[in-house]
Undergrad: 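Here it is: the structure, laid out below.
Only a predicted model underlies this, so the values are computations on that prediction, with no experimental measurement involved.
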There are 2 protein chains.
Amino acid sequence: MSVNGDRNRVATIFDVARLAGVSHQTVSRVLNDLPNVRPATRERVEEAIKQLRYVPSQAARALVTRRSRTIGLVATGLPDYGPSSIVLNFNESARDAGYAVIATNPADAERATLRSATEMLIRQNVEAIVLLAAERAALDAFDGWELGVPLVAIASETRGRGIRVALDQRQGARTAVSHLLELGHREIVHIAGPHGSMDAEERLSGWRDRLAEAGIAGEEPMRGDWSPESAYRIGTELVASGRAPRAVFAGNDQMALGLLHALADAGLRVPGDVSVVGFDDIPEAAHFSPPLTTVRQDFVGLGRDAMAAVLTQLQDEESTAPPPTRVPRLVVRASTRSV
Amino acid sequence: MSVNGDRNRVATIFDVARLAGVSHQTVSRVLNDLPNVRPATRERVEEAIKQLRYVPSQAARALVTRRSRTIGLVATGLPDYGPSSIVLNFNESARDAGYAVIATNPADAERATLRSATEMLIRQNVEAIVLLAAERAALDAFDGWELGVPLVAIASETRGRGIRVALDQRQGARTAVSHLLELGHREIVHIAGPHGSMDAEERLSGWRDRLAEAGIAGEEPMRGDWSPESAYRIGTELVASGRAPRAVFAGNDQMALGLLHALADAGLRVPGDVSVVGFDDIPEAAHFSPPLTTVRQDFVGLGRDAMAAVLTQLQDEESTAPPPTRVPRLVVRASTRSV
DNA sequence: GTGTTTAGAACGTGACGACTA
DNA sequence: TTAGTCGTCACGTTCTAAACA
């Protein structure tokens with residue numbers, strides 16, 4: 001009959017001090033690797049710590065130092081591969097820097113939802129907030145809001161509050177379009193991500209700008225929602241209405257997949273009849289039918305950059321030069337061919 | 001010249017008390033929704049809180065209550081779709097229950113790595129540990145270790161410590177094999193996940209058991225590592241050595257994709273020449289070429305179950321009956337056909 | 001008495017100045 | 001002097017018991 005009441009009392013710094021025959025302050029010095037502790041004393045203390053299985057109380061520590069060693073992460077766009085990878089890599093970087101990460105995943109990008117999610121983090125005394133923002137609305141929710149802690153935003157638009165960390169979506173898109181242009185394509189359809197997505201807008205701009213530079217103008221993009229289904233539908237409609245394209249730049253790999261599906265249904269061959277370029281280089285892309293030419297993003301680097309930005313804000317480290325914006329690079333596979 | 005020194009002092013419970021003309025204890029009562037506060041007083045206090053933008057210090061609260069309102073999550077297997085979805089849904093459930101989640105992603109399943117990752121969580125005073133364990137080694141790392149807090153393990157094996165939450169991998173695999181048997185297949189090859197993966201072993205057992213029941217015995221599985229590449233390689237070798245199968249049960253959708261790729265390369269048609277069944281139902285599966293017949297898992301429910309198990313352990317709620325193990329269900333698409 | 005409010009004591013650390021050899 | 005050590009205080013909350021309408 002193990003009752004919850006017999007809460008095993010946990011050792012405090014005083015227990016350790018008593019066992020080691022020193023004051024609690026000396027134990028504190030040992031814990032924090034401060035100088036002026038005789039090696040023999042240090043050893044006695046460490047032995048006592050081990051023996052009592054003493055673990056410092058982070059709560060007490062946070063109370064007096066006003067530092068929680070904790071960072072809040074507000075992440076939207078999960079569980080897609082890109083956002084998931086960024087979160088994963090950010091977590092690793094944070095751990096390496098000695099910080100714990102409290103993550104929250106707002107159900108939508110509504111202002112109220114984001115604010116209450118963030119307020120929960122603030123209540124947990126996080127030292128900084130990192131916002132992984134898929135939609136512009138997520139960024140806007142922080143406008144004119146004094147958080148009391150630094151804000152680092154992972155977002156591909158420069159508007160709005162907070163230190164910005166990003167991958168160069170626009171340049172990535174230009175690279176994709178350039179590839180198709182070099183293959184001799186002139187009509188390059190774009191299946192863009194949804195309105196409100198900053199990545200979608202940046203990629204769209206890159207596509208439009210690069211086309212304009214090549215003297216090709218005025219094309220309107222199609223709009224998907226990142227899902228394979230949306231692009232499947234768009235592809236099916238294009239074919240049905242006799243507007244089957246010769247070259248497509250899809251806003252992400254999932255939509256490229258949906259498009260490939262629609263084209264295959266219509267009996268069109270890729271890359272024989274249609275060239276397709278994706279974006280992200282998800283692990284599946286190399287095994288699409290055909291293997292997808294796409295643009296690879298450095299999510300590992302992005303996660304690191306975000307943590308570096310946090311540390312700079314917290315002045316834990318001498319503020320290193322801001323990292324150069326990482327430019328995605330083209331991965332050519334079998335879904336594109338010259339006309 | 002904004003120096004770090006001008007740290008904006010944050011309002012405390014005493015500031016609120018002074019402004020409202022009451023004692024700090026009355027403010028505390030208001031904060032915690034305790035009775036015996038006159039409505040007029042409560043209102044004055046709430047007004048003062050709003051005016052000062054007062055936020056209670058979680059650190060101070062945690063120190064005295066010994067409750068951090070925080071749960072530690074040790075997650076392996078990211079950033080794959082399954083684990084990512086589970087993490088996402090667990091986070092949401094935790095937030096709904098008023099808990100923050102500190103997540104950590106060990107780089108590998110080594111005992112030392114897992115322990116140090118977990119110890120970081122313990123130092124943060126988490127009230128419970130949730131272990132999302134892909135490999136058996138992750139579970140083993142916790143054997144014989146008194147954490148001091150409840151442990152809930154999301155893992156498909158019943159061995160080892162901690163409350164267990166899982167999806168019925170074995171039954172899911174049986175369903176997949178049954179489907180192929182009903183289509184008249186007798187030789188059903190299995191491309192299993194890696195040694196050490198509990199999901200892989202469970203699915204493998206389900207496949208073997210179901211075959212045995214059908215009077216088909218002794219088949220040895222192929223071994224992939226969950227990645228499309230591994231299955232592509234396996235598929236290519238099978239075909240090259242003249243052992244092209246007529247029916248394959250792939251351990252997950254990604255490996256099914258790699259196999260489809262290898263079969264397509266070899267000029268074999270799916271489902272005409274080969275029937276393929278996957279596992280997971282990732283968002284891409286419906287748009288593979290051909291759309292993949294697979295087994296769908298309820299990751300949303302699993303995340304909820306995990307949080308429910310935590311709450312039961314913490315006795316926040318009257319312990320409800322443990323949820324029935326969730327059985328995955330078959331989703332039939334176009335990659336399977338009768339012989 | 002009864003409902004409301006208050007003052008003081010924890011909680012377990014780190015910072016600081018004082019003390020000792 | 002100086003390296004090593006110690007005692008007191010503060011951090012911001014909740015809990016307990018006593019005082020007040």
Undergrad: Quick check: does any side chain N or O of B:R304 sit under 3.5 Å from a backbone N or O of B:F90, one acting as donor and the other as acceptor?
TA: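 The answer is no, because no donor-acceptor pair under 3.5 Å joins these two groups.
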
Undergrad: Using atom NE2 of A:H24 as one end and atom P of C:dA15 as the other, report the distance to the nearest whole Å.
TA: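 Roughly 11 Å, once rounded to whole Å.
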
Undergrad: Using a strict 4.0 Å threshold on nitrogen-to-oxygen distance, state whether B:R69 and B:E127 make a salt bridge.
TA: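 Answer for the salt bridge query: no.
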
Undergrad: Specify the separation, in whole Å, of atom CZ of B:R18 and atom P of C:dA7.
TA: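 One finds 13 Å between P of C:dA7 and CZ of B:R18, rounded.
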
Undergrad: Can you pull the salt bridge (charged side-chain N to carboxylate O under 4.0 Å, His left out) pairs that have at least one residue in residues 11-21 of chain B, sequence neighbours excluded?
TA: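 Passing the test, one end in residues 11-21 of chain B: B:R9-B:D15, B:D15-B:R18.
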
Undergrad: Distance-only, no hydrogens or angles: does the A:D80 side chain make a donor-acceptor pair with backbone N or O of A:P83 under 3.5 Å?
TA: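 Not at all, since once roles are kept as given, no pair shorter than 3.5 Å links the two residues.
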
Undergrad: Counting only heavy atoms not in B:E43, do more than 12 sit closer than 6.0 Å to its CD atom?
TA: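 For B:E43, atom CD is not crowded (no more than 12 foreign heavy atoms under 6.0 Å).
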
Undergrad: On DNA chain C, check which nucleotide each of A:V55 and B:V22 is closest to and give me the residue with the more 5' one.
TA: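 Final value for this comparison: B:V22.
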
Undergrad: Calculate, to the nearest 0.5 Å, the distance between atoms CD1 and OH belonging to B:I71 and B:Y99 respectively.
TA: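 If we round to the nearest 0.5 Å, B:I71:CD1 and B:Y99:OH are 6.0 Å apart.
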
Undergrad: Could you note down all residue pairs passing side chain to side chain donor-acceptor pair (under 3.5 Å) where residues 108-118 of chain A supplies at least one of them, sequence neighbours left out?
TA: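 Only A:D108-A:T113 qualify under side chain to side chain donor-acceptor pair (under 3.5 Å).
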
Undergrad: I'd like to check the salt bridge (charged side-chain N to carboxylate O under 4.0 Å, His left out) partners of A:E157; sequence neighbours left out, ordered by chain and number.
TA: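 Residues passing salt bridge (charged side-chain N to carboxylate O under 4.0 Å, His left out) with A:E157: A:R136, A:R159.
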
Undergrad: What integer distance in Å separates A:R123:CZ from D:dG12:P?
TA: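 After rounding, the gap between these two atoms is 18 Å.
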
Undergrad: Quickly work out the B:I13 CD1 to C:dA7 C1' distance and round it to whole Å.
TA: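 Whole-Å distance recorded here is 14 Å.
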
Undergrad: Nearest-Å distance, CZ (A:F14) to P (C:dA10)?
TA: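 Taking atom P of C:dA10 as the reference, CZ of A:F14 is at 13 Å.
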
Undergrad: How many whole angstroms separate atom CZ of A:R61 from atom C1' of C:dA15?
TA: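 To the nearest whole Å, that distance equals 14 Å.
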
Undergrad: What residue pairs, at least two apart or across chains, pass salt bridge (charged side-chain N to carboxylate O under 4.0 Å, His left out) with a residue in residues 44-62 of chain B?
TA: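 As it turns out, there is no salt bridge (charged side-chain N to carboxylate O under 4.0 Å, His left out) pair with a partner in residues 44-62 of chain B once direct neighbours are skipped.
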
Undergrad: Nearest to the side chain of B:L63 - D:dT13, D:dG12, D:dT14?
TA: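 Of all the options, the side chain of B:L63 is nearest to D:dG12.
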
Undergrad: Taking the axis from the first five pairs and the axis from the last five, what angle separates them in the helix from C:dT2-D:dA21 to C:dA21-D:dT2, rounded to 10 degrees?
TA: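 End-to-end axis angle: 50°.
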
Undergrad: Nearest to the A:Q25 side chain among D:dG12, C:dA7, D:dG7, which nucleotide is it?
TA: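 When the side chain of A:Q25 is considered, D:dG7 is the closest of D:dG12, C:dA7, D:dG7.
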
Undergrad: In this structure, how many angstroms lie between the P atom of C:dG14 and the CD atom of A:Q58, rounded?
TA: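 For the pair A:Q58 CD and C:dG14 P, the rounded distance is 10 Å.
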
Undergrad: Among C:dG14, C:dG8, C:dT13, find the nucleotide with the atom closest to the side chain of A:T65.
TA: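 Nearest to the side-chain atoms of A:T65, counting from C-beta on, is C:dG14.
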
Undergrad: Strictly below 4.0 Å, heavy-atom distances to any atom of DNA chain C: list the hits from residues 26-54 of chain A, or just say none.
TA: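 Per residue number, the list reads A:S28, A:N32, A:Y54.
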
Undergrad: If you check the B:S23 side chain, which of C:dA7, C:dT13, C:dG12 turns out closest?
TA: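 When the side chain of B:S23 is considered, C:dA7 is the closest of C:dA7, C:dT13, C:dG12.
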
